[in-house]
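Not measured: the values here are computed from a predicted model.
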Amino acid sequence: SEYAAVGFEYGYSVGNPEAIVLWEAQFGDFVNGAQSIIDEFISSGEAKWGQLSDVVLLLPHGHEGQGPDHSSGRIERFLTLAAEDAFRVAQPSTPASYFHLLRLQSLRPDHKPLIVFTPKSMLRNKKAVSAPEDLTGDTWFRPVIADAEADTTRVERVLLCSGRVIWDLRAERAKRSDERTAIVPVEQLYPLPADQIVAELGRFPRLRDVRWVQEEPRNMGAWPFMWLNLAPRHAHLVIRHESPRTDHAQRHLRPIEAL
């Protein structure tokens with residue numbers, strides 16, 4: 001069914017370029033059934049046929065102890081496919097960021113597919129909220145979000161991250177009253193906003209340690225892509241190494257707490 005549905009939505013977006021067409025998976029990894037549509041059309045239709053599409057794939061993603069079929073939208077797979085600005089990949093961490101991402105997708109003149117890794121537990125997280133002023137006035141989508149809580153004169157370590165793990169890190173930082181660590185969400189994964197990341201790191205004169213933190217295992221998530229494209233400039237690795245096949249919620253919490 002995913003093969004048929006994604007193929008239809010892709011075709012509709014090509015035929016009606018003024019519409020914003022969104023397809024949402026029940027869980028992100030269910031998009032596996034449409035992989036041939038992604039490979040042959042979404043990632044390469046423009047290069048092969050000059051065929052433009054701004055279809056949006058919404059893929060719920062989060063390693064939350066629900067087992068191998070309900071955890072990962074396969075960020076690594078899309079970042080491996082990504083080249084020549086063929087499509088965009090994002091993982092917003094706030095309602096405002098999600099709103100502005102979709103608004104930008106509907107308004108920008110260049111038609112490109114958009115892959116969005118959407119939250120699951122963040123929908124229930126009372127901290128993951130936005131104020132009305134974050135959605136109105138002179139506001140826009142920010143590929144990299146500055147840490148407004150960090151004292152730039154005291155920060156020695158920056159944690160770059162994306163998605164749900166941001167809120168785990170912020171909660172732990174508050175618990176420890178840690179003033180030496182800044183947490184910087186990277187909302188857009190491709191095209192990689194490398195210059196904006198470097199500019200954000202430049203705000204901290206005492207910075208000694210830059211790390212990419214993720215909940216996915218080492219060979220998954222954004223880390224392989226960051227290792228190739230960002231690590232030569234800055235970051236080194238801190239992630240958990242447990243398998244995503246954790247199928248029990250309590251067993252899942254232990255490695256999250258260790259991270």
Side-chain angles (χ1 to χ4, degrees), residues 5-25 28 31 34 37-61 73-75 77-119 122 128 130-146 160 162-163 166 184-200 222 225-226 229-230:
V6 175
F8 174 85
E9 302 297 1
Y10 171 82
Y12 190 91
S13 71
V14 172
N16 189 354
E18 300 306 315
I20 181 167
V21 181
L22 303 93
W23 178 83
E24 184 173 26
V31 79
I37 296 294
I38 295 165
D39 292 346
E40 298 297 331
F41 295 90
I42 291 176
S43 68
S44 59
E46 181 179 2
K48 291 190 290 190
W49 309 301
Q51 191 161 274
L52 301 179
S53 166
D54 53 8
V55 69
V56 181
L57 302 188
L58 305 176
L59 308 181
H61 176 87
R74 298 300 178 190
I75 292 174
R77 184 177 294 167
F78 287 93
L79 292 179
T80 299
L81 275 175
E84 299 180 350
D85 294 339
F87 54 87
R88 303 178 183 95
V89 181
Q91 187 171 208
S93 61
T94 67
S97 186
Y98 181 47
F99 167 76
H100 286 300
L101 176 66
L102 294 182
R103 182 173 181 269
L104 178 63
Q105 178 71 1
S106 68
L107 293 177
R108 63 190 313 158
D110 58 325
H111 296 278
K112 303 281 186 180
L114 172 65
I115 315 302
V116 186
F117 294 95
T118 54
M122 274 196 291
S130 298
E133 54 267 26
D134 296 329
L135 292 90
T136 59
D138 189 20
T139 56
W140 59 90
F141 175 69
R142 292 176 291 168
V144 179
I145 298 180
L160 300 171
S162 186
I166 292 164
V184 177
V186 180
E187 305 285 280
Q188 178 175 294
L189 299 173
Y190 184 82
L192 180 66
D195 290 342
Q196 295 182 44
I197 293 172
V198 171
E200 175 63 15
F225 179 79
M226 294 295 173
N229 295 281
L230 185 64

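Interatomic distance, CG of N229 versus CG of L189, reported as 11.0 Å (0.5 Å rounding). Note that CG of L107 is 11.0 Å distant from CG of L102, once rounded to the nearest 0.5 Å. In this structure, CG in L114 is found 5.0 Å from CG in L101, a value given to the nearest 0.5 Å. Separation of atoms CG (L22) and CD (E9) is listed at 8.5 Å; rounding is to 0.5 Å. Rounded to the nearest 0.5 Å, atoms CZ (R74) and NE2 (H61) are 9.0 Å apart.
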Take Q196 and R142 through the test side chain to side chain contact (heavy atoms under 4.5 Å, CB included) and record every step on the way to the result. CA-CA 10 Å; Q196 295 182 44; R142 292 176 291 168; 5.9 Å; no
Show the numbers, then the answer: is there a side chain to side chain contact (heavy atoms under 4.5 Å, CB included) between V89 and L79? CA-CA 8 Å; V89 181; L79 292 179; 4.2 Å; yes
Apply side chain to side chain contact (heavy atoms under 4.5 Å, CB included) to T94 and D134, showing your working. CA-CA 10 Å; T94 67; D134 296 329; over 6 Å; no
Side chain to side chain contact (heavy atoms under 4.5 Å, CB included) between L192 and I197, worked out: CA-CA 9 Å; L192 180 66; I197 293 172; 4.1 Å; yes
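Considering all non-hydrogen atoms of both residues, D85 and P191 come closest at OD1-CG, 3.3 Å. Looking at every heavy atom in both residues, P193 comes nearest to V144 through CG-CG2, 3.7 Å. Residues L135 and H100 share a closest heavy-atom pair of CA-NE2, 3.8 Å.
Relative ring orientation between F78 and F117 is described as perpendicular, the plane-to-plane angle rising above 60° on a 0-90° scale split at 30° and 60°. Classification of the F41-W49 ring pair by plane angle, with boundaries at 30° and 60°, yields tilted.
Between V31 and W23, the closest side-chain pair of non-hydrogen atoms falls below 4.5 Å. Between V6 and I42 the shortest side-chain heavy-atom distance falls below 4.5 Å. Between V116 and Y98 there is a side-chain heavy-atom pair separated by less than 4.5 Å.
Heavy-atom neighbours of E84 CD from other residues, nucleotides or ligands within 6.0 Å: at or below the threshold of 12.
By the side chain to side chain contact (heavy atoms under 4.5 Å, CB included) test, P95 pairs with S130, sequence neighbours left out. In terms of the side chain to side chain contact (heavy atoms under 4.5 Å, CB included) criterion, A47 has no residue partners (sequence neighbours excluded). Not counting sequence neighbours, S106 has no partner by the side chain to side chain donor-acceptor pair (under 3.5 Å) test. Annotation: side chain to side chain contact (heavy atoms under 4.5 Å, CB included) contacts of E187 (sequence neighbours excluded): P92, S93, S97, F141, I145, I166, P185.
Applying the side-chain hydrogen bond (donor to acceptor under 3.5 Å, both in side chains) test to every pair with at least one member in residues 109-119, sequence neighbours left out, gives these pairs: E46-K112, D54-H111, R88-D110, R108-D110.
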Let me have the donor-acceptor pairs involving side chains of residues 11-20, under 3.5 Å, with sequence neighbours excluded, atom names and distances please.
| from | atom 1 | to | atom 2 | distance (Å) |
| --- | --- | --- | --- | --- |
| S13 | OG | Y10 | O | 2.7 |
| S13 | OG | S53 | OG | 2.6 |

